[in-house]
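Counting from 1, the numbers follow the sequence of the chain as shown. Treat the numbers as computed from the prediction; the structure is a model and nothing was measured.
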Amino acid sequence: MYRRILVATDGSKLSQKAVQHALDLADITGADVVALKVVPRYPQSYFEGGVALAAAEVARIEKQWQTEAQAAVESVRSAGQLRGIKVKPVTAKSDLVSDAIIATAKRQKCDLIVMASHGRRGIKRLLLGSETQQVLTHANIPVLVLR
């Protein structure tokens, strides 16, 4: 059924639900898993009253985010190893999370994307956007969304 499943995670409790489901599917189907965490770039805006950080400080923050992202995907690999599932940990640096998820799925030749959704509605969805909705709209492979 599935040969390679991409699971998007941010290390949160909600995304752990997606991770467990992806591992369950991989166990049933014999698929490999690609665990992905997208790391944003530090915002470089200079609005009135804003304080610009030194380049070294921005680099330190981005390195910390990368380290945390690597830990999140490595924890998925560890969970997979306990179950005998091959998991490839991947991080991607992008401000457009949905685009990075879709691009990684294509690059890694995945045939399913598994991700969680907060299920926001109304004004919260309008203001915060929905990465999940973007993936659902633009992905060329099946997307399994867990709420």
Side-chain angles (χ1 to χ4, degrees), residues 1-45 52-122 124-147:
M1 180 178 244
Y2 299 115
R3 294 183 320 273
R4 182 165 288 171
I5 300 168
L6 183 140
V7 61
T9 183
D10 59 9
S12 70
K13 187 175 180 178
L14 180 61
S15 71
Q16 285 302 319
K17 185 177 181 180
V19 167
Q20 289 306 312
H21 201 85
L23 291 174
D24 289 345
L25 277 173
D27 198 20
I28 292 167
T29 63
D32 294 342
V33 173
V34 175
L36 172 67
K37 167 74 168 104
V38 180
V39 182
R41 291 177 174 80
Y42 190 84
Q44 299 284 332
S45 61
L53 293 179
E57 183 64 10
V58 170
R60 184 192 66 75
I61 291 167
E62 286 184 339
K63 183 178 179 185
Q64 178 183 342
W65 289 349
Q66 179 63 36
T67 301
E68 291 168 357
Q70 193 64 42
V73 293
E74 289 293 339
S75 73
V76 178
R77 178 164 49 183
S78 296
Q81 283 177 335
L82 292 174
R83 297 173 65 171
I85 300 167
K86 182 179 173 188
V87 177
K88 181 177 184 177
V90 176
T91 62
K93 193 172 201 176
S94 177
D95 293 326
L96 302 170
V97 175
S98 58
D99 288 354
I101 291 170
I102 293 167
T104 302
K106 185 176 183 178
R107 192 169 36 258
Q108 297 291 328
K109 296 178 175 54
C110 296
D111 48 12
L112 176 69
I113 297 171
V114 177
M115 58 192 305
S117 175
H118 290 92
R120 292 186 182 104
R121 297 187 183 278
K124 283 186 179 180
R125 180 173 175 197
L126 181 65
L127 293 174
L128 298 174
S130 173
E131 297 299 336
T132 305
Q133 183 64 40
Q134 290 297 314
V135 173
L136 281 167
T137 303
H138 299 290
N140 293 324
I141 61 173
V143 179
L144 176 61
V145 179
L146 299 153
R147 295 181 88 188

Enquirer: If I compare all heavy atoms of A31 with all of I85, which pair ends up nearest, and what's the gap?
Expert: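 Nearest heavy atoms, A31 then I85: O-CG2, 4.0 Å.
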Enquirer: Answer whether the closest heavy-atom distance between the side chains of R83 and D24 falls below 4.5 Å.
Expert: yes
Enquirer: Are T132 and L136 close enough, and set up right, to give a side chain to side chain contact (heavy atoms under 4.5 Å, CB included), and what steps lead you there?
Expert: CA-CA 6 Å; T132 305; L136 281 167; 4.2 Å; yes
Enquirer: Do M115 and I101 have side chains that get closer than 4.5 Å, going by heavy atoms?
Expert: yes
Enquirer: Ignoring hydrogens and geometry, is there a side-chain-to-backbone donor-acceptor pair from R3 to D111 under 3.5 Å?
Expert: no
Enquirer: If we only count heavy atoms from C-beta on, is the V135 to V145 side-chain gap below 4.5 Å?
Expert: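 No, side chains not in contact.
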Enquirer: How many angstroms lie between atom CG of L6 and atom CG of D32, to the nearest 0.5 angstrom?
Expert: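 Reported value, rounded in 0.5 Å steps: 12.5 Å.
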Enquirer: Quick one, Q70 with V73, criterion side chain to side chain contact (heavy atoms under 4.5 Å, CB included). Give me CA distance, side-chain angles, the key distance, then yes/no.
Expert: CA-CA 5 Å; Q70 193 64 42; V73 293; 3.9 Å; yes
Enquirer: In Å and rounded to the nearest 0.5 Å, what is the CZ to CG distance from R107 to L36?
Expert: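 Spacing of CZ (R107) from CG (L36) equals 9.0 Å.
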Enquirer: Closest approach of A8 and S15, non-hydrogen atoms and distance?
Expert: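 Reported closest heavy-atom pair: O-CB, 4.4 Å.
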Enquirer: Testing the basics here: between G80 and V87, what is the closest heavy-atom pair and its distance to 0.1 Å?
Expert: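 Result for this residue pair: CA-CG2, 3.9 Å.
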Enquirer: With sequence neighbours left out, write down each residue that passes side-chain hydrogen bond (donor to acceptor under 3.5 Å, both in side chains) with D95, or none if nothing qualifies.
Expert: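 Testing D95 for side-chain hydrogen bond (donor to acceptor under 3.5 Å, both in side chains), a comparison that skips the adjacent residues, returns none.
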Enquirer: Grab the two heavy atoms, one from I102 and one from Q134, that are nearest each other, plus how far apart they are.
Expert: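 Scanning both residues completely, I find the closest heavy atoms to be CD1-O, 4.2 Å.
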Enquirer: Which distance, rounded to the nearest 0.5 Å, do you find between the CD of E57 and the OH of Y42?
Expert: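 Here the interatomic distance stands at 7.5 Å.
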Enquirer: Is a donor on one side and an acceptor on the other found under 3.5 Å between the side chain of Q66 and the backbone of V39?
Expert: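 No, Q66 side chain to V39 backbone: no donor-acceptor pair under 3.5 Å.
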Enquirer: If I take atom OG1 from residue T104 and atom CG from residue D99, how far apart are they, to the nearest 0.5 angstrom?
Expert: 10.5 Å
Enquirer: Using a 3.5 Å distance criterion without hydrogens, assess whether the side chain of K17 forms a donor-acceptor pair with backbone atoms of R147.
Expert: yes
Enquirer: Search all heavy atoms of V114 against all heavy atoms of A18 and return the closest pair with its distance.
Expert: CG1-O, 3.6 Å
Enquirer: If you round to the nearest 0.5 Å, how far is CD of Q16 from CG of L146?
Expert: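 Taking CG in L146 and CD in Q16, the distance rounds to 12.0 Å.
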Enquirer: Rounded to the nearest 0.5 Å, what separation is found between the NZ atom of K86 and the CZ atom of R77?
Expert: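 Interatomic distance, K86 NZ to R77 CZ, rounded to 0.5 Å: 10.5 Å.
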Enquirer: If every non-hydrogen atom of L23 is compared with every non-hydrogen atom of A79, which pair is closest and at what distance?
Expert: CD1-CB, 3.8 Å
Enquirer: Quick one: do I5 and L144 satisfy side chain to side chain contact (heavy atoms under 4.5 Å, CB included)? Show the steps, please.
Expert: CA-CA 10 Å; I5 300 168; L144 176 61; over 6 Å; no
Enquirer: A side-chain contact here means heavy atoms from C-beta on lying under 4.5 Å apart; do K93 and E62 qualify?
Expert: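 The answer is yes; the side chains approach within 4.5 Å.
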